[in-house]
2 protein chains.
Amino acid sequence: MEPTTEEKILEAAREVFMNKGFAAARMQEIADRAEINKGLLHYYYRSKNKLFRAVFDEAFAKFSAGINQVFEAEIPLFEKIEQFVDRYISLLMQNPAMPAFVISELNQKGDAFAEELLSRQTRPNPMPLVAQIQQEIAAGRIKPVNPIGLVLNMLSLCVFPILARPMFQGIMEVSRPVYDQMMEARKQEVAEFIISAIRKA
Amino acid sequence: MEPTTEEKILEAAREVFMNKGFAAARMQEIADRAEINKGLLHYYYRSKNKLFRAVFDEAFAKFSAGINQVFEAEIPLFEKIEQFVDRYISLLMQNPAMPAFVISELNQKGDAFAEELLSRQTRPNPMPLVAQIQQEIAAGRIKPVNPIGLVLNMLSLCVFPILARPMFQGIMEVSRPVYDQMMEARKQEVAEFIISAIRKA
DNA sequence: GTCTATAGGTAGATAGAC
DNA sequence: GTCTATCTACCTATAGAC
């Protein structure tokens with residue numbers, strides 16, 4: 001089935017906003033990619049800001065849903081870590097521009113924007129995982145680490161390599177296929193790294 | 001001593017470019033912050049692009065020098081990890097906008113820009129640390145991990161929490177002072193986390 | 001709904017007086 | 001070196017025909 005005009009606009013806006021950021025994005029380029037004209041863009045979304053919000057909100061909700069799905073799974077901690085790393089790196093590799101997009105817009109638009117955005121329904125909620133980590137510590141099954149710190153470590157290890165891809169490729173002088181291959185191997189390595197760090201001696 | 005006009009310009013440009021990014025930065029705002037007028041800005045730096053490059057190159061060189069200093073230190077691996085985490089988190093906390101700035105510009109301007117930029121003299125060189133890790137593995141003193149992956153993990157754990165500060169604060173509902181305090185505590189925690197992960201059982 | 005044309009505003013860059 | 005004034009280009013947004 002043919003995509004509707006609105007779908008074509010959103011798809012085009014996603015690509016342009018995510019790759020260039022809000023300020024550098026051009027309504028003309030979005031119109032061109034959607035194969036319509038600028039006037040029609042404003043007919044559907046009255047302003048650049050409104051179109052941006054539509055794209056950003058969707059990306060943020062997708063990001064949140066993907067992450068919460070694993071946070072909430074009712075499985076043992078070590079399995080959950082493995083699943084989290086595997087699924088989350090896969091999700092990020094499928095949308096490699098998303099993390100840099102979300103991070104830089106949140107940084108640029110100031111804390112007011114971040115606050116407003118994070119007050120919505122669909123947002124990351126690490127509490128189930130935090131609680132699970134606390135239980136494991138209380139039961140003496142893993143080392144006594146800061147639970148929030150551990151969740152932050154898991155996220156850092158998955159997201160940063162995607163954010164830093166251009167820098168990493170430049171410094172290490174590796175081609176894109178080799179980079180992709182390394183990320184694939186990292187799924188296993190990162191899970192082992194985290195589990196080794198918290199497993200009781 | 002009074003700062004020269006050029007110093008005032010660079011200082012103002014740093015603040016504006018780092019917080020807003022290239023596209024959203026305005027020459028007018030830079031002029032205002034430097035307490036001069038737009039015309040004079042163009043007298044010193046003929047274009048916005050040239051001014052941006054001056055700021056970016058300086059930030060990138062500073063970033064690289066700080067990191068290389070620890071990569072090259074001739075001390076035992078576990079000590080080096082502790083020093084790296086401590087110093088690098090401190091450096092980042094003193095320039096909290098720098099990582100997001102460098103990362104997003106490298107992502108937005110495409111791989112050509114990244115390639116060109118990374119071909120300069122002062123750039124991050126993790127090879128001394130990679131070699132040291134390989135030696136430790138060969139000597140059987142740490143677990144056999146991917147050396148490049150380990151360096152990437154160290155960087156991820158230090159940089160990502162700074163990049164994600166607005167998101168982290170929003171999700172965890174913590175104030176700025178509490179966030180700063182958590183980052184301070186992380187210096188110790190992250191070093192222990194990494195060492196636990198690679199120490200032989 | 002979709003197009004063309006254009007209004008209205010703003011930003012980077014230049015000219016020229018002092 | 002520093003200023004004011006202005007040019008030129010571009011971009012968002014609107015008006016109006018079809």
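None of these values were measured; they are calculated from a predicted model. Values reported hereafter were calculated over all heavy atoms of this structure, with side chains retained and with hydrogens, waters and symmetry mates removed. Chain naming here is simple, since letters A, B, ... match the order of the sequence lines and numbering starts at 1 in each.
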Can you see whether B:F193 has A:K143 sitting over its ring - NZ or CZ less than 6.0 Å from the centre and within 45° of the normal?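 No.
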Closest non-hydrogen atom pair, B:P161 against B:S156: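 For B:P161 versus B:S156, the nearest heavy atoms are CD-O, 3.8 Å.
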Under the salt bridge (Lys or Arg N to Asp or Glu O under 4.0 Å) criterion, do B:D32 and B:R26 qualify, and how do the steps go? CA-CA 10 Å; B:D32 291 347; B:R26 295 289 165 252; over 6 Å; no
Rounded to the Å, how far apart are A:N37 CG and D:dA13 P?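 So the two atoms are 15 Å apart, to the nearest Å.
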Return a table of donor-acceptor pairs under 3.5 angstrom between the side chains of residues 66-73 of chain B and protein atoms on other chains or two or more places apart.
{"unit_1": "B:N68", "atom_1": "OD1", "unit_2": "B:N125", "atom_2": "N", "d": "2.7"}
{"unit_1": "B:N68", "atom_1": "ND2", "unit_2": "B:S64", "atom_2": "O", "d": "3.4"}
{"unit_1": "B:N68", "atom_1": "ND2", "unit_2": "B:R123", "atom_2": "O", "d": "2.9"}

Does A:A13 have any side chain to side chain contact (heavy atoms under 4.5 Å, CB included) partners at least two apart in sequence or in another chain, and if so, which?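 So A:A13 forms a side chain to side chain contact (heavy atoms under 4.5 Å, CB included) with A:F17, A:I30, A:L51, A:V55.
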Enumerate the protein-to-nucleotides 9-12 of chain D contacts in which both atoms are nitrogen or oxygen and the separation is below 3.5 Å.
{"unit_1": "D:dC11", "atom_1": "O5'", "unit_2": "A:R26", "atom_2": "NE", "d": "3.3"}
{"unit_1": "D:dT12", "atom_1": "OP1", "unit_2": "A:A25", "atom_2": "O", "d": "3.4"}
{"unit_1": "D:dT12", "atom_1": "OP1", "unit_2": "A:K48", "atom_2": "NZ", "d": "3.3"}
{"unit_1": "D:dT12", "atom_1": "OP2", "unit_2": "A:M27", "atom_2": "N", "d": "3.2"}

Listed partners of A:K20 passing salt bridge (Lys or Arg N to Asp or Glu O under 4.0 Å), at least two apart: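 A:K20: salt bridge (Lys or Arg N to Asp or Glu O under 4.0 Å) contacts with A:E29.
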Residues two or more places apart in sequence or in another chain: which of them pass ring pair (Phe, Tyr, Trp, His ring centres under 6.0 Å) with B:F101?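 Ring pair (Phe, Tyr, Trp, His ring centres under 6.0 Å) list for B:F101, sorted by chain: B:F52, B:F56.
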Which is the 5'-most and which the 3'-most nucleotide of DNA chain C that has an atom under 4.0 Å from a heavy atom of chain A?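 Nucleotide range in contact with chain A: C:dG1 to C:dT4.
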List the steps, then state whether side-chain hydrogen bond (donor to acceptor under 3.5 Å, both in side chains) holds for B:E192 with B:Q188. CA-CA 6 Å; B:E192 282 171 14; B:Q188 183 77 18; 3.1 Å; yes
